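Okay, so here's the structure we're looking at.
Every number for a ligand or one of its atoms is a count from 1 in the order of the listing. The first residue in the sequence is number 1, and the count goes up from there. Nothing here was measured: the structure is a model prediction, and the numbers come from that model.
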Amino acid sequence: MRRKLAAGNWKMNGISASLTELESLATVHANAGVDILICPPATLIHRAAETTKDTGIRIGGQDCHANAAGAHTGDIGAQMLKDAGATAVIVGHSERREDHDERNEDVRAKAKAAIDAGLTALICLGESLAQREAANTLDIIAGQMSGSIPDLATGENMVIAYEPIWAIGTGKVPTLEQIGEVHDFIRTRLERRFGEGVGRSIRLLYGGSVKPANAAEIFAVPNVDGALVGGASLKTADFSPIISALETS
Ligand code: PGA
């Protein structure tokens, strides 16, 4: 059985005052029936981990360097994230792929570094609007999977998020059939590559404009094990109903 996961990606949002959102989230979901992960900006990871330490909420990073340490000004290594209190890290988000020219092989190296440091790697995949309109979605996903996912993946050390780029922050969401098609495709390929046991144990999140209003129907799609939520994860008032929808799905 895969345990469901509600993950929040705060992106470049959040200062000290935002920690009160974590306090309220922890209070409202003190006995959550699902895993909850919040990925705040790196500057808040340590304090966020302290704030949530006796709660069910886990803290993650939004990126890590492929190397463990060294002369890489401004970058953060996976071990540093772990040391600050993170248990997971997002790698290969489309904003990183685009803004920082990250290619599949970079994402794979980052995911490997995360896993080597004892973190769960949350690997993001997803097609652009042009790729979807050209009916290339499944080819793109297949290429991202073989290029970005390291060989040592297991259900414990890796989570995959399917995030169509055109759905991120736009309010546009694929149809439930489209989400289901991609999630089934990813599951089948994971089973083929890692074997049935491991392939079935890896959690698949949907991400892109998940809101309280659409969460329940998305969570009812087979092979959707939770969500990676951007904008609606910033406030407990928005994220809490999404968590509740996942709990009852
Ligand atoms: P969104 O972002 O929920 O604001 O669309 C999702 C993401 O980028 O992870």
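Summarising the local packing, CD of E98 is surrounded by 12 or fewer heavy atoms from other residues, nucleotides or ligands at distances under 6.0 Å. Annotation for K11: atom NZ counts as buried by contact number, over 12 foreign heavy atoms lying within 6.0 Å.
For the salt bridge (charged side-chain N to carboxylate O under 4.0 Å, His left out) test with R96, the passing option among D75, D63, D101, D106 is D63; the others fail.
Protein residues with any heavy atom under 4.0 Å from ligand 1: N9, K11, H93, E163, A167, I168, G169, G208, S209, L228, V229, G230, G231.
Under a 4.0 Å N-O distance rule, the pair E50/R47 does not qualify as a salt bridge.
Listed by first then second residue, pairs satisfying salt bridge (charged side-chain N to carboxylate O under 4.0 Å, His left out) with a partner in residues 200-211 read D35-R203, E191-R200, E196-R200, not counting sequence neighbours.
Judged purely by distance below 3.5 Å, without hydrogens or angles, the side chains of E102 and H93 never pair a donor atom with an acceptor atom.
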